[in-house]
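Working notes, beginning with the structure itself.
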Number of protein chains: 2
Amino acid sequence: MPDQRPHGDNAEARAIASALRDAIHSGEYTPGDKLPSERVLATTYHGARNTARAAIQELIQEGLVRPEHGRGYFVRERPRWMRFGRLRYTTPMRAVTRHGPFGAEARAQGKTPRVEVRSAERIPAEAHVAERLGIEPGTDVVRRENWYYADEIPMQVGITYIPWSIAQGTALAKAENLGKRSLYGRLEDLGYTIANIREEVTARPATREEAEGLDLPAGVPMIDLWHTGMTADKHPFEVTNFCMRADYSALDYDMPVEY
Amino acid sequence: MPDQRPHGDNAEARAIASALRDAIHSGEYTPGDKLPSERVLATTYHGARNTARAAIQELIQEGLVRPEHGRGYFVRERPRWMRFGRLRYTTPMRAVTRHGPFGAEARAQGKTPRVEVRSAERIPAEAHVAERLGIEPGTDVVRRENWYYADEIPMQVGITYIPWSIAQGTALAKAENLGKRSLYGRLEDLGYTIANIREEVTARPATREEAEGLDLPAGVPMIDLWHTGMTADKHPFEVTNFCMRADYSALDYDMPVEY
DNA sequence: TTGCGCAACTGGCTCAAGCCAGTCTATGGT
DNA sequence: ACCATAGACTGGCTTGAGCCAGTTGCGCAA
């Protein structure tokens with residue numbers, strides 16, 4: 001039968017989590033180290049295994065710890081090596097790479113990029129998209145779904161919307177890699193040179209689909225970015241919704257306050 | 001004794017979570033609605049209360065559900081009404097508000113802003129800060145810790161670093177509200193007009209301290225923003241590390257690709 | 001020497017029970 | 001008419017049990 005001592009004041013699991021957290025922060029455990037097992041923690045703290053487990057789950061949610069089935073719990077290392085910003089859209093940057101902005105950053109970090117064009121289809125624009133493209137909702141657009149990998153780790157998903165009137169009859173409307181000059185090169189050929197961008201950034205927990213599709217460890221949030229590409233006179237012609245895993249990603253913008 | 005039927009294939013808790021998730025997404029439960037209680041879920045799914053509980057915890061971590069002790073679980077509403085961007089640093093924007101960039105946005109959203117200056121002290125610059133300020137690590141800086149509230153909900157913490165050589169002898173070195181023209185007004189008076197900014201954005205799970213200090217519900221990530229304020233010739237003179245709750249916050253940048 | 005298989009470990013998940021602490025409401029006493 | 005309170009609900013947390021599924025290494029047999 002459950003013993004049920006009148007659990008003093010502060011939750012037991014919380015206490016174990018704090019102890020482990022302090023141990024990690026103090027350097028007693030360094031990234032990659034193995035933590036004591038659930039069963040060991042339980043006995044050393046005179047609690048149930050479930051309680052020790054709850055404590056570790058808390059640390060997992062904080063992104064401090066990573067579980068490995070059959071092996072143990074390990075202190076997470078926090079890489080954060082992909083940085084994206086304004087510069088990725090500049091012409092010289094695009095000139096160097098075969099894979100567009102993503103590939104440029106990946107190579108700069110010594111990683112091997114891969115882009116997977118999952119689909120390209122003609123659909124009516126949803127409100128979110130239409131608003132940003134400055135068109136009527138329901139107007140046809142091309143929806144391109146790209147998955148981005150660095151060293152075969154899925155990093156982000158980008159869903160690009162381009163008005164059908166622009167993409168019609170071009171490679172942009174086909175579900176294939178766009179090759180050397182990438183999306184923005186193709187658009188430039190069509191007379192749409194990206195000169196201004198708007199980037200709306202939020203963060204949120206990963207959805208279940210993302211966690212499965214991107215093979216995300218628990219406790220990794222997503223950066224949710226709506227990018228709008230505009231011409232010199234601020235006419236939008238392309239919108240992309242990037243969802244990137246926050247543990248590997250950072251955004252880096254520099255801009256004039258007024259321009 | 002534990003019954004232990006040979007749990008078929010996919011975890012029970014996962015299944016309950018999926019069912020609830022679908023019900024929420026399909027609109028069967030709308031934001032603010034109360035979900036079935038743990039005990040009810042357990043019986044309707046023929047599981048233990050712990051299992052139902054685990055299912056709901058999953059939804060909480062995804063940000064879909066919010067618990068209220070003694071009342072029940074409720075579908076979360078996602079407000080996201082604070083947006084920050086380049087415009088907050090422009091002179092006309094600053095002119096209208098008593099509270100600087102944050103107050104401007106809060107008022108625009110019909111919320112009552114409050115800024116709390118927690119401390120202002122002279123310390124040697126850490127590497128992170130020194131690098132961004134373009135000074136030697138260890139050089140003295142003023143560290144100002146500000147807490148920002150909208151309708152008394154803690155929204156973000158901003159820790160500003162200004163070289164001591166600039167702040168020395170001014171209101172910037174004192175732990176008090178800077179009044180009508182705020183930080184950037186004061187800096188402008190000293191000859192440091194903000195003309196370029198750099199903003200480095202990441203997201204991460206909230207730390208325990210943040211969760212407690214900001215009174216955060218579980219499953220709310222943080223947006224971690226390093227802001228650098230620069231003069232027209234790109235000389236940095238101020239660095240601020242904003243940590244903002246991601247559920248209420250968004251960033252909105254627009255900029256030229258080359259300038 | 002090789003390699004197979006059996007412990008002995010790890011986390012993953014479930015169960016059933018029970019106490020604590022909030023919230024709400026209906027009821028009964030003042 | 002008021003208010004206090006008891007009971008019935010809610011989530012919060014813990015216990016200790018037990019099976020499943022990965023991982024690892026050791027020892028034994030071929």
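With D/dG12, D/dA21, C/dT14 as the choices, the nucleotide that has an atom nearest any side-chain atom of B/Arg39 turns out to be D/dG12. Closest to the side chain of A/Asn50, from the set D/dT14, D/dT15, D/dT10, is D/dT15. Of the candidates C/dG22, C/dC19, D/dT14, D/dT14 carries the atom nearest the A/Glu12 side chain, counting heavy atoms from C-beta on. The side chain of A/Ala11 lies closest to D/dT14 when the candidates are D/dG12, C/dG11, D/dT14.
For the pair A/Glu105 (side chain) and A/Phe84 (backbone), a donor-acceptor distance under 3.5 Å is absent. A/Asp22 places no side-chain N or O within 3.5 Å of a backbone atom of A/Ala19 that could act as its donor or acceptor partner. With hydrogens and angles disregarded, a donor-acceptor distance shorter than 3.5 Å links the side chain of A/Arg144 to the backbone of A/Lys174.
For B/Thr51 and C/dC15, the shortest distance from a side-chain N or O to OP1 or OP2 is below 4.0 Å. Using a 4.0 Å cut-off, no side-chain N or O of B/Ser37 falls inside it from OP1 or OP2 of D/dC9. A sub-4.0 Å separation between OP1 or OP2 of C/dT14 and a side-chain N or O of B/Tyr45 is absent. In this model, the phosphate group of D/dC9 is not approached by any side-chain N or O of B/Arg71 to a distance below 4.0 Å at OP1 or OP2.
Between the side chain of A/Arg14 and the base of D/dG12 there is no donor-acceptor pair of N/O atoms closer than 3.5 Å.
A/Arg66 places its CZ atom 13 Å from the P atom of C/dG11, with the value rounded to the nearest Å. D/dG11 atom P lies 6 Å from atom CD1 of B/Ile56, rounded to whole Å.
Across the interface with DNA chain D, nearest-nucleotide mapping of A/Gly70 and A/Ala48 shows A/Ala48 to be the residue nearer the 5′ end.
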